Structures are given as structure tokens and as C-alpha cells.
Participant: 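First, the structure itself, so that you have it in front of you.
Quick caveat: nothing in here was measured; it's all calculated off a predicted structure.
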Amino acid sequence: MRTTDRVVRRLIAEGHLKTVTVVNPVNRCPTVIVPAGEVARFQRKYVSLFALAKRMGKHIRAVKTELEVPAWSPRSIPRR
């Protein structure tokens, strides 16, 4: 995923991404990861506004005004 750790952590906290805890092979500490299959599932279900606008060949603002209901409120995902 092309996003920040902060956004991924928020998606996990909101329940949009599932995690598993595995043992780190180097230091043997438990590590929380998002499995590749879960990332693929998320990317099949959701699309970013930027990617959608690019696919449609439209400006982001034009696509945003065409959307009836956003998947998340803009305030629910932290900005950089």
C-alpha cells in the first residue's frame, strides 16, 4: 500500500485491515503484521480518490463531487 504508517494504523484501529501477530525470526519478539492477502482484499474493496480519478481520466475535484457517499469521513483518516 502506498500510504503512511499512521494511516495504516488508523485503518487497523477502525477494523478495515485485519492483523496477525507473529514471532520475529531475528529477535523473537511478537510483531503485528498485515498479511499480504489482507492487503489484496482491502485493495479489491477500496480505491483511493487519486487512483479513481486517474482511472477515470478526471480531476480529483470532479470525481469527489460525483461521489454520493465517501467510504470514510475525511476527518476519520489523519493527515500527514
Side-chain angles (χ1 to χ4, degrees):
M1 295 178 63
R2 293 182 179 194
T3 190
T4 64
D5 287 345
R6 186 175 176 182
V7 171
V8 173
R9 289 179 197 280
R10 186 67 178 260
L11 290 171
I12 291 168
E14 299 277 329
H16 299 293
L17 284 174
K18 294 177 179 60
T19 61
V20 294
T21 303
V22 297
V23 176
N24 184 314
V26 176
N27 62 15
R28 309 296 297 157
C29 293
T31 304
V32 176
I33 64 164
V34 177
E38 179 63 12
V39 173
R41 180 205 60 82
F42 180 83
Q43 290 176 330
R44 282 191 307 271
K45 186 172 181 178
Y46 301 103
V47 63
S48 71
L49 183 60
F50 176 80
L52 183 60
K54 188 173 181 178
R55 280 189 214 165
M56 295 174 71
K58 296 182 178 183
H59 192 275
I60 289 175
R61 279 192 207 151
V63 174
K64 188 174 181 179
T65 58
E66 291 175 17
L67 292 175
E68 291 180 15
V69 179
W72 297 290
S73 163
R75 293 186 184 128
S76 69
I77 302 296
R79 296 183 182 198
R80 287 186 188 199

Participant: What's the spacing between Leu11 CG and Leu17 CG if we round to 0.5 Å?
Facilitator: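 Rounded to the nearest 0.5 Å, the CG-CG separation comes out at 5.0 Å.
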Participant: How many angstroms lie between NZ in Lys58 and NZ in Lys64, if you round to the nearest 0.5 Å?
Facilitator: 16.0 Å
Participant: Indicate the atoms forming the closest heavy-atom contact of Phe42 with His16, along with that distance.
Facilitator: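 Looking at all heavy atoms of both residues, the shortest contact is CD1-O, 3.7 Å.
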Participant: Which atom pair, heavy atoms only, marks the closest approach of Ala51 to Val47?
Facilitator: CB-CG2, 3.8 Å
Participant: If you compare all heavy atoms of Val26 against all heavy atoms of Asn24, which two are closest, and at what distance to 0.1 Å?
Facilitator: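 That closest heavy-atom pairing would be N-OD1, 2.7 Å.
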Participant: Testing Thr31, Ile33, Ile12 one by one against Thr19 for a side chain to side chain contact (heavy atoms under 4.5 Å, CB included), which residue passes?
Facilitator: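 Result: among Thr31, Ile33, Ile12, Ile12 is the only option passing the side chain to side chain contact (heavy atoms under 4.5 Å, CB included) with Thr19.
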Participant: Give the C-alpha distance, both sets of side-chain angles, the deciding distance and a yes or no for side-chain contact (heavy atoms from CB on, under 4.5 Å) between Val20 and Glu38.
Facilitator: CA-CA 10 Å; Val20 294; Glu38 179 63 12; over 6 Å; no
Participant: Calculate, to the nearest 0.5 Å, the distance between atoms CG and CD belonging to Leu52 and Glu66 respectively.
Facilitator: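 It comes to 8.5 Å.
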Participant: Can Val32 be reached from Val39 by stepping across I, L, V, M, F, W or Y side chains whose heavy atoms are under 4.5 Å apart?
Facilitator: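 Val39 and Val32: separate clusters.
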Participant: Taking CZ in Arg9 as the centre, count heavy atoms belonging to other residues, nucleotides or ligands within less than 6.0 Å. Is the count above 12?
Facilitator: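 At most 12 heavy atoms, drawn from other residues, nucleotides or ligands, come within 6.0 Å of this atom.
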